[in-house]
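First the structure, in the form of structure tokens, and then the observations on it.
Computation of the quantities below employed the complete heavy-atom set of this structure, encompassing side-chain atoms and omitting hydrogens, waters and symmetry-equivalent molecules. All chains are named by letter (A, B, ...) in the order of the sequence lines, taking the proteins before the strands, and each is independently numbered beginning at 1.
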Amino acid sequence: MDDPMRVYRAKRDTAHINVTTKYDIVGFISSGTYGRVYKANTKNVKDELWAIKKFKPDKEGDVVTYTGISQSAIREIALNREIFHVNVVALREVILEDKSIYMVFEYAEHDFLQVIHHYSQTLRTSIPAALLKSLTYQLLNGLLYLHNCHILHRDLKPANILITSKGVVKIGDLGLARITYQPLQPLFAGDKVVVTIWYRAPELLMGAKHYHKAVDCWAVGCVLAELASLRPIFKGDEAKLDSKKNVPFQKDQLLKILEVLGTPEERDWPGIRSMPEYANVKRLDTYPNRLYEWCRNRLPSNSGYELLNQLFAYDPDKRLNAREALLHKWFHEEPLPTMNVFDTTSDAQLPPRRRISHDDAPSMMPAQATQALPAGQFSQQAHLQSQTHGSAGSFASLSGGGHPRKKGRLA
Amino acid sequence: MATDFWASSHYKRWILDRATLKQARVDDLQYVDYPEQLDFLNIYFASLIFKLGKRLQLRQRVIATATVFFRRFYVKNSYCETDPFIVISACCYVAAKAEESPVHIKNVVAESRQVYSQEEYGIKHFPTDNSKLAEMEFYLVDDLECDLVVFHPYRTLMSLCGREAVATIAEAGELGIGINDGPRYWGTGEGKLELEEGPLQMAWFIINDTYRSELCLLYPPHLIAIAAIYLTLILNVTTRATLQNQAQAQSAPAPSTRRSSRTSSGTQKKAPQDIVGFMAGLNVSMSLVATIAQEIIGLYTLWERYKEDAAADSGRSAFGRSASSASAGTKRSAPSRDPSVFMGSEELSAGGTPAQPDDVVTPQYLTQLLARMREARLADLAHPASGRPVAVNKMLERTQAAG
Ligand SMILES: Nc1ncnc2c1ncn2[C@@H]1O[C@H](COP(=O)(O)OP(=O)(O)OP(=O)(O)O)[C@@H](O)[C@H]1O
């Protein structure tokens, strides 16, 4: 029988406007778990930059076919269409084309990971208090919006928190985010979890089946500490699933936390007794809380220490939420956070622009784009070379090497 | 977003006016015998989505989302130029993902083939391979403009009228999670009217039924919920005595088979409540609510002439009691002709309301109508000179301008 959707398809395909008709692809930025990210410019418009995320198309053998849009793409698309906030990366449009999904985001020149790297490797000095505070403030501001929308981000980490060239923080990558309500749906075994292990909250490490917004607030604490010290505060090794896919006890990661925050007391966190990994935790050595000493030459401000301490409350119910954190006195004493996080940063100290490269899998872009690449690519590269003093190394290797990019599994 | 309807894509882009909906059916209108047939198609498609959804074990809320997707798709497209059956399957497939309860594409294909090949639909051409459905999903998501978060009246109903003790519907997973969560998104957020289980379920069923019309494209969900409560209260005047005296017998069929004995607490006597004060305190336009209620009644009047035949009924019972009783329950409780039909379960299990035989529309009939519409359309597109005015390139221009 004749294909009943023939007319429809013809109509739709004629009306479709190709990605490469609208945008010039400037270069390749990075590949993540779900796809590849490209830098693009609106055709014939000067300096209107975008980051285009192309979801990996599905393949059957070598042939790209339709196999159904992934849950994570649906989630990221659905959430991004609903939200709008200055501190969350804005989605401009989604283009569905040739079995691939392209999400066009506002372009952000920097991210937290790159700033951290810039200060630790190039400037070799700690991040000034005003910048540190502004970054944290805007991050919390974006998080408060998401939480008010009942969205858990679940994957906050320096690489996912972007900054525009105008110095505005933008939370990115909602690929793991979820709408959540009270009471929380328990996480089923096998559900992909959540938060790169260094930023993972203790209740998750201890096997909690219910969790809520507080996991994001823990991650903010980790990010703040990392901005202050220029290295991850709890840099544990992830225990992998064994051959039987049993969920491992994340002993090393928990130890890293205990070494700084001390052994959790039952009176501080009554719920700890019902945590599945409680027995395992009891077997660990006991540690005193050393956070105050940790802060002494990393976050040398009493109220800064207090904020961190409250974001690191073991009991998720007592942990500071985003609103409380924004009201914290640290943000209300000098230096005050600024709208442009780089307000007080001299041009010489600004982090370098995002490094782009030639796509190592050029087939990922439509044919016209790969042809257009070399010329635009060249000038961009040259420009970048002069800016980065050749010292910081490629951004791709920065984000790929130092930090775990893959999500772990929890339960 | 989850709390802020007014900032949602649903409110900003998908509350439409009558003129838009009328425009959307202009092409289809050329190929039907009389305009009312399009209203019957609305009922027909919704019950088909419901059937497929039940076979896929989707929650009511997911089915409702699928139905909204379907309606939105056909704001931009015509029945006569598309295959509504594969669109229905794609709507269910995407809705399940959008509501975080995904089903495997294989199952959607298999169940679709099952449902559509039943006698009254007689669709034998539904594709066997997953990629056809996945391709349709792609086009669908595009036509939906990637707006996949949908608000439903159920949440308003539960936040206005729900009670702890009557949470059985929610417990059975019908509502999904967190229906009582967050502040109401309009008015002061105050005021509650506790409904007994029977009336609460009736309001719930009325909401289910509204998806058989285009109401979900015209009005914000909270107004539809209030209209459903309003209709329930009108009926409640006649049923209140029954509610109080026949404590045991009054309950309507549950939407779920998983009911616990503790629902009996819903039958205890209650102090009379200030219904007028409650309605007035809702801060919504009562005339708008009355308009919606009127339209719901209109839907029931029409629906009484829509007959799923014997084969359909027996097919339906195979999906489990919950499916058939949920739709049959409200159908017969239609307030249009005789409010007393909503009285007790004996009434519900009795035969349907008789209707004029030549007045009745069946699924078979509509299936054939759809096939005729598409054939005629294709013929016209192939021979634009044949009298009907629409030429292909004209049409293409229009979609380009709109897109
Ligand atoms: N809006 C943007 N502007 C500039 N660069 C971006 C933007 N969005 C993402 N990127 C870059 O692309 C990388 C990957 O993007 P993203 O995190 O969205 O993808 P992912 O596949 O979900 O990756 P991950 O494995 O980190 O979760 C980011 O770490 C960042 O370097």
Side-chain angles (χ1 to χ4, degrees), chain A residues 1-17 58 60 63-85 91 93-101 103 145-151 178-186 191, chain B residues 1-4 7-10 13 77-78 80-87 93-94 97-98 100 102 104-105 108 124-125 127 129-139 141-143 145-149 176-182 374 377-378 381 392 395-396 398-403:
Chain A
M1 186 182 157
D2 194 24
D3 181 351
M5 289 304 267
R6 193 173 45 93
V7 176
Y8 170 77
R9 255 198 315 269
K11 218 160 125 172
R12 298 285 316 184
D13 293 347
T14 322
H16 181 81
I17 296 166
D58 285 308
E60 250 163 35
V63 188
V64 180
T65 64
Y66 291 105
T67 56
I69 303 173
S70 73
Q71 181 77 22
S72 113
I74 290 277
R75 192 182 276 158
E76 191 167 1
I77 291 169
L79 291 180
N80 270 294
R81 285 291 283 169
E82 303 296 321
I83 56 182
F84 188 77
H85 188 268
L91 176 69
E93 65 170 334
V94 181
I95 297 177
L96 294 113
E97 177 177 316
D98 196 23
K99 307 184 182 66
S100 295
I101 297 172
M103 295 183 76
Y145 171 78
L146 291 178
H147 283 180
N148 278 344
C149 294
H150 296 260
I151 295 172
R178 271 199 70 163
I179 299 185
T180 168
Y181 303 93
Q182 314 287 342
L184 266 150
Q185 197 174 36
D191 192 13
Chain B
M1 136 196 50
T3 51
D4 194 359
S8 69
S9 62
H10 188 152
R13 289 187 282 272
N77 296 287
S78 309
C80 63
E81 273 179 16
T82 55
D83 173 11
F85 296 95
I86 194 156
V87 176
Y93 181 49
V94 179
K97 279 188 274 195
E100 297 279 357
H104 199 284
I105 190 165
V108 183
K124 304 283 184 240
H125 67 255
D129 94 72
N130 303 344
S131 71
K132 278 276 177 248
L133 179 59
E135 180 193 55
M136 185 62 234
E137 176 191 35
F138 233 68
Y139 283 103
V141 170
D142 202 13
D143 259 338
E145 296 170 33
C146 297
D147 293 330
L148 304 177
V149 175
I177 39 173
I179 28 100
N180 292 320
D181 172 71
R374 193 162 63 219
R377 179 62 171 181
L378 283 178
L381 290 177
V392 184
M395 190 176 79
L396 289 177
R398 212 174 46 217
T399 47
Q400 259 159 338

**OP:** State whether a side-chain donor-acceptor pair under 3.5 Å links A/S100 with A/D98.
**Re:** no

Original post:
Is chain B contacted by the side chain of A/L91, its backbone, both, or neither, given a heavy-atom distance below 4.5 Å?
Top reply: neither

Original post:
What option among B/D147, B/D143, B/V87 has the most heavy-atom pairs under 4.5 Å with chain A?
Top reply: B/D143

Subject >> Proximal component of B/I86, with respect to chain A [non-hydrogen, under 4.5 Å] >> reply: side chain

Subject >> chain A contact via B/N77 - which portion, at a heavy-atom distance below 4.5 Å >> reply: side chain

**OP:** Measure from the side-chain N and O atoms of A/Q71 to the backbone N and O of B/P102, and report whether any donor-acceptor pair falls under 3.5 Å.
**Re:** no

Original post:
Going by atom types alone, do A/E82 and B/S9 pair a side-chain donor with an acceptor below 3.5 Å?
Top reply: yes

Original post:
Please walk me through it: do B/C146 and A/L96 pass side-chain contact (heavy atoms from CB on, under 4.5 Å)?
Top reply: CA-CA 10 Å; B/C146 297; A/L96 294 113; 4.2 Å; yes

Subject >> Under 4.5 Å from a heavy atom of chain A, the part of B/F85 involved >> reply: neither

**OP:** State plainly whether the residues A/R9 and B/E81 are in salt-bridge range, i.e. N to O under 4.0 Å.
**Re:** no

